[in-house]
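Below: the structure, in structure tokens.
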Amino acid sequence: MEKLEQIYEGKAKKVYRTDDPELCIVEYKDDATAENGKKRGTIVGKGVVNNQMTNRLMARMEKAGIPTHFVRELSERETLVKKVSIVPLEVIIRNISAGHFASRYGVEEGIVFDSPTIEFSYKNDELDDPLLNAYHARALKLATAGEIETIKKYAFAVNEELKAFWKECGVILVDFKLEFGRLPDGTIVLADEISPDTCRLWDEKTHEKLDKDRFRRDMGGVEDAYAEVMKRLLAHDNG
Ligand code: TMP
């Protein structure tokens, strides 16, 4: 499968057309941004980790019955995916307080919730991805009621699968962001990535941060953290 022209460039990935109108190639970059693009940098090797981690986790989701856009890995940084139209919602699941949850509600990080939370934000850079609820999403015609129900069901199912897998790796899944897409026939599938850019991952024993918060908060050791979680994933994922 060959890369034809680029059809999209995001903050961390490029998407190319292929000779099959139903398939695209995603290429992962080392570019890192935070605070909606205001903070920029490079995390050397991030594209390789994010590509390979996403693909292994997507394959696990498929096995668990959650449909995804994943087709097959083509190279260290490139993956063949089904072409989808992205539902313009960021779907965030949280198991433990951190990040914007902690700042928004004025609580410390690390509070373990009795049950996971879900929230949506509107994918819109000009508006800084504002938080919204399912009624707002329907009013803005971002998704139908049925699609939102499906997305919620899949998002919580992804949480259970990921939480259990990361636990085997000695990693706590604090929170994460998902994106979903529509296939040409309207089927909702999990899309985008599942990586240390889009998940908060803490070491089980020390609670050391093993994710992009090290970049967001200028903590150093960013590359080492990405390499460490990838190493743990590879030690516990047998395809
Ligand atoms: P938050 O605490 O900043 O809202 O982030 C919650 C989770 O979602 C965290 O794992 C990081 C991830 N996330 C993204 O992947 N992209 C984003 O644009 C935002 C705001 C969060």
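We count ligands from 1, going down the list as the structure has it; atoms in each ligand are counted the same way. Side chains included, hydrogens not; waters and symmetry mates left out as well; all remaining heavy atoms used.
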Contact between ligand 1 and D197 is defined here as a heavy atom of the residue under 4.0 Å from a ligand atom; is it met? yes
If you measure from the Lys or Arg side-chain nitrogens to the Asp or Glu carboxylate oxygens, is any gap between [X] and [Y] under 4.0 Å?
X	Y	answer
D224	R214	no
E78	K3	yes
R232	D203	yes
K13	E27	no

Checking a contact table here: which protein heavy atom is nearest [atom], and how many Å away?
atom	result
atom 9 (C) of ligand 1	D175 OD1, 3.1 Å
atom 20 (C) of ligand 1	E90 OE1, 4.3 Å
atom 21 (C) of ligand 1	I92 CD1, 4.3 Å

Heavy-atom contacts with [X] under 4.0 Å: which atoms of ligand 1 show up? List them by number with element.
X	result
G99	2 (O)
C199	10 (O)
F176	8 (O), 10 (O)
T198	10 (O), 12 (C), 15 (O)

Closest candidate by heavy atom, reference [atom], pool [options]:
atom	options	result
atom 12 (C) of ligand 1	E193, R104, K123, K177	K177
atom 4 (O) of ligand 1	E35, R94, E109, E179	R94
atom 6 (C) of ligand 1	H100, R200, K212, R216	R200

Testing the basics here: between A143 and I148, what is the closest heavy-atom pair and its distance to 0.1 Å? CB-CG1, 3.8 Å
Of the non-hydrogen atoms in R56 and D237, which two are nearest, and what is the gap between them? NH1-OD2, 2.9 Å
Given that the side chain starts at C-beta and the backbone is N, CA, C, O, which of these parts of S121 lies under 4.0 Å from ligand 1, counting heavy atoms, or is it both or neither? neither
Ligand 1 versus K11: contacting region, heavy-atom distance under 4.0 Å: neither
If we only count heavy atoms from C-beta on, is the D211 to V229 side-chain gap below 4.5 Å? no
Looking only at side chains, do D129 and N124 share a donor and an acceptor under 3.5 Å apart? no
Within 45 degrees of the axis of the six-membered ring of Y226 and under 6.0 Å from its centre: does K212 put its NZ or CZ there? no
